[in-house]
Amino acid sequence: MRPQDILPDHQNDVQVNGLTVRKGSVGAFLASVRDWQDPASNDATRAAAEADLLALLPGLHALGLFRVLAARDPALQDLIEGVA
């Protein structure tokens, strides 16, 4: 399966279990995790990253991402499971 088979170039989101999941959600999740885990991040950056993660998690759960992937960082895995 190719990305365009799931979400064509002209489409920016998909409906999954009543949730709108935008194109780029997985990439945004990864970028937010980097900010959240970065020891050089200040408290405001870390808090903003966590808020972004919490907003993204319902859609990523709906996609089934965490049925096949688990975080190596226990704190991140706890965050993921807390929104399941």
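Scope of the values below: all heavy atoms of this structure, side chains included, with no hydrogens, waters or symmetry mates.
- Across every non-hydrogen atom of Glu50 and Trp36, the tightest pair is OE1-NE1, 3.0 Å.
- Atom CZ of Phe66 and atom CD1 of Ile80 lie 4.0 Å apart (nearest 0.5 Å).
- Under 3.5 Å, the side chains of Ser32 and Asp35 contain no donor-acceptor pair of N or O atoms.
- Contact record, Met1 with Ile6: SD-CD1, 3.2 Å, taken as the closest heavy-atom pair.
- Taken to the nearest 0.5 Å, the CG atom of Leu56 stands 11.0 Å off from the CZ atom of Arg22.
- The shortest distance between side-chain heavy atoms of Leu79 and Leu57 falls below 4.5 Å.
- Between Leu60 and Ser25 the shortest heavy-atom distance is CD2-CB, 4.1 Å.
- For CG of Asp78, the number of neighbouring non-hydrogen atoms (other residues, nucleotides, ligands) closer than 6.0 Å is greater than 12.
- Residues Asp13 and Lys23 form no side-chain contact, since every pair of their non-hydrogen atoms from C-beta on lies 4.5 Å or further apart.
- For the atom pair Thr20 OG1 and Asn12 CG, the distance stands at 11.5 Å (nearest 0.5 Å).
- Surrounding CG of Asp5 are more than 12 heavy atoms belonging to other residues, nucleotides or ligands, all under 6.0 Å away.
- The line from CD of Gln37 to CG of Leu76 is 5.5 Å long, rounded to the nearest 0.5 Å.
- Here the side chain of Arg72 pairs no donor or acceptor atom with the backbone of Gln77 at under 3.5 angstrom.
- Leu19 and Leu63 are assigned to two separate hydrophobic clusters, defined by single-linkage of ILVMFWY side chains at heavy-atom distances under 4.5 Å.
- Residue Gln4 holds its CD atom at 12.5 Å from CD of Gln11, rounded to the nearest 0.5 Å.
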